[in-house]
J.: 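Let me begin by handing over the structure; questions about it come next.
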Amino acid sequence: MDTYDYVIVGGGSAGCVLANRLSADPSVRVALVEAGGEDRWIWCHIPAGYLFAIGNPRADWCFQTEPDPGLNGRSLKYPRGKVLGGSSAINAMLYLRGQKADYDHWRQLGLKGWGWDDVFPVFKRHEDHFLGASPIHGAGGEWRVDRPRMRWEILDAFADAAEQCGIPKVADFNGGDNEGSSYFQVNQKRGRRWSAARGFLKPAKDRPNLTVITGALADRVLFEGTRAVGLAYRRDGREERIAATREVVVATGAVATPALLERSGVGDPARLSALSVPVVANLPGVGENLQDHLQLRTIFRVEGTRTLNTDYPNLLKRAWMGIEYALFRRGPLAMAPSQFGAFTRSSPEVATSNLEFHIQPLSLDRFGEPMHPFAAFTVSVCNLRPTSRGSIHARSADPTAAPVITTNYLSTEEDRRVAIDSLRLARRIVEAPALARFRPTAHLPDPRLVSDAELAKAAGDVGTTIFHPVGTAKMGVDGDPTAVTDARLRVRGVQGLRVVDASVMPTIVSGNTNSPTIMIADKAAAMILADGASATGSVPRRAV
C-alpha cells in the first residue's frame, strides 16, 4: 500500500480545505481520495450551470429520499456534488455564515471552541471579500465573495414590499444577525463560480507532498483493533488500499459519511449486524440527527415586468444572454439560483430570525423542468431551525448502493406551525403596496387554501429540500449517547479517525450551509496540525 501521514476521504468542500491546509506543512504526506472526477466541465464554472449539473450523473450523485409522510408521501431528489469541489461545484453559491446565536448555542451545548467569537476569525481568515478587509470581512483568503452581477425590477420591488411588512433592508447578512433583506453575496469571481476546488485545492495541487486520487469510491476505513490505519476504495473495478500513519479524515458529507462509517464497523451494533459488518465502535448516533432546510416554494404570476420566464423563450434574448456573459461575465448566465433574500421571524416569540426567503425572477414546477410560459416569480421560504429529525444509513455493505435517506420533514407540531405562518407571511409580503403595480396573483399554492389544515397540507405538497443536510455524525460532549464526534471532531471510541464535514453540526445553522462547512474544515485542519505537532514535538503552523 502507498502510505501517507493523512488520508482525506472526500474531495468536496471540506476535503479541498483540508488538503490545502494539511499539505501546507511540507514535512507531511497527504492523500485526497475522491469518488468523482475532475471539475473540467463548463457547467461547473458558469454560475447558471447548476441547471444542467444538478440531476446529471456526471456531477451529481442523484440520491433520492424515501417517501415522506410529511410531504404527503412524496420522495425528493437529493443532489450532492460528484466532482472535486463536491457540492460547491453545483450549489447556489450563496455566501452566508449563519447567526451568532447558532454557534453560541453549540458552545452552550458544551462544545468548547465553537462559539461565535471562536469561529468568526476563521470565517475572516480564509475570505477574500469584494469590498476588502473590514471589521466584518477578510481579504486575500482563498474563499472569494463577490457581489451579484445583475438586478431585477421585481426583486427590488420585493425588497420594498418586505420593508412595508417590517423587514428592513440591510447591506450584509454576515455580521452575526442576518435579519433583513438584501441581494445575496455569492462565491464567484468576475462572473465565474468559485468552488472549493478552485479556491483551495487548485493552489495546492502541485505540491509534491499532496496526492489527489479521483474516481476512487470509498468502501471502508481500515482498522487495526480500534485504530484507523487506512482506507479501502474501489477504482476501475478493483479494490485498492491506502495507509495512514497519523489519521484518516472522513469528509464525504452528511449523506455519505454515516454510510461509510457503518460499512467500516462504526455505528449501531444492530444495524451493523444487519449489514454483516463486524463492530469496531458502538456509536448508535451514526446516521441519526439528520436536519435539513425544507423550502416552501410559492409562485406568483405578474404583469408589466421582466422575468426569466418571458426572456428565456425569446431566441434573440437568449442569444444575447450568451453574448453578454462571454463578453462581460454578467447577465442571467452569471446568476445564482436565488438572487435576493430575506431573513425574518415567523412570530414575535422567536428570538432571532427563523425564516429565510429566496426570491427568484422565474418559476417552474420542479427543479430541472422547463420554466412556466408566463411571467412569474418564486418566493421560497424555509424554516431555519427545524425540530424534525431524520436519518441516513447504509443500505448495504456495498459502497455502490445509495444510502437510505429518511427526511421526516414536518414531523413536529412546531415545524408545521412555522410552515403555516411562513406561507401566510409570503402572501402578506406579495400583497403589500410596493408590488401592486405588477398585479401579482398566486399560482402555487392555490390561493383558496386559507385554513391551518389546508396550509399544512399545502406545505407538504410544495415543500422540497434546499440541499442543506447536516448532523448525521454530530459532535457532542462526553456522556451524550448520540454523539459521534467530540469537540475536536475525533470519532468516539476509536483512534486516528475524524469526521470533518457538515455531518458534525449538532444543530443546523440559520442559513445556507456551504460556507459554515468551509469554516469547520479550516478550523479542523488547525486542530489536526496542532495535534500532530503535539504528538511529534514540533511547532504547529497555525493556531487553533
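Everything numeric in this text was worked out from a predicted model, so none of it was measured.
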J.: Would R97 and E127 pass as an ion pair if we require N to O under 4.0 Å?
T.: yes

J.: For L449, does its backbone N or O pair with a side-chain atom of K457 as donor and acceptor, under 3.5 Å?
T.: no

J.: Does R151 pair with D156 as a salt bridge, N-O distance under 4.0 Å?
T.: yes

J.: What is the ring orientation for H443 with H372, classed by angle as parallel under 30°, tilted 30 to 60°, or perpendicular over 60°?
T.: perpendicular

J.: Can you label the angle between the F300 ring and the F377 ring as parallel, tilted or perpendicular, going by 30° and 60°?
T.: tilted

J.: Identify the residue among T472, T257, V255 that makes a side-chain contact (heavy atoms from CB on, under 4.5 Å) with P403.
T.: V255

J.: Whether D311 and R306 form a salt bridge (side-chain N of Lys/Arg under 4.0 Å from carboxylate O of Asp/Glu) is what I want to check.
T.: yes

J.: Between R424 and D452, is the closest basic N to carboxylate O distance under 4.0 Å?
T.: yes

J.: So, are K100 and D177 salt-bridged, with charged N and O less than 4.0 Å apart?
T.: no

J.: Salt-bridge test for K169 and D160: reply yes if a basic N is under 4.0 Å from a carboxylate O, no otherwise.
T.: yes

J.: If only side-chain N and O atoms count, and only distance matters, is there a donor-acceptor pair under 3.5 Å linking D415 with Y409?
T.: no

J.: Heavy-atom count check: over 12 atoms from other residues, nucleotides or ligands less than 6.0 Å from R439 CZ?
T.: no

J.: Between F184 and F340, is a ring-ring contact (aromatic ring centres under 6.0 Å, His included) present by the stated rule, with each step listed?
T.: CA-CA 6 Å; F184 286 117; F340 193 85; 7.6 Å; no

J.: Apply the side-chain contact (heavy atoms from CB on, under 4.5 Å) test between Q295 and each candidate in V381, T465, T378, T464; give the one that qualifies.
T.: T464

J.: Measuring from R297:CZ to Q360:CD, what's the distance to the nearest 0.5 Å?
T.: 7.0 Å

J.: Verify side chain to side chain donor-acceptor pair (under 3.5 Å) between T352 and R345, making sure each step is shown before the conclusion.
T.: CA-CA 7 Å; T352 62; R345 288 170 282 178; over 6 Å; no

J.: Please find out if less than 6.0 Å separates the ring center of H293 from that of F467.
T.: no

J.: Please verify the inter-ring angle class for F200 with H126; under 30° counts as parallel, over 60° as perpendicular, anything in between as tilted.
T.: perpendicular

J.: In this structure, which one of I508, D501, V504, N289 forms a side-chain contact (heavy atoms from CB on, under 4.5 Å) with V470?
T.: I508

J.: So, for M335 and P361, which heavy atoms are closest and what is the spacing to 0.1 Å?
T.: CE-CG, 4.2 Å

J.: Could you tell me if Q185 and D146 have a donor-acceptor pair between their side chains, going purely by distance under 3.5 Å?
T.: no

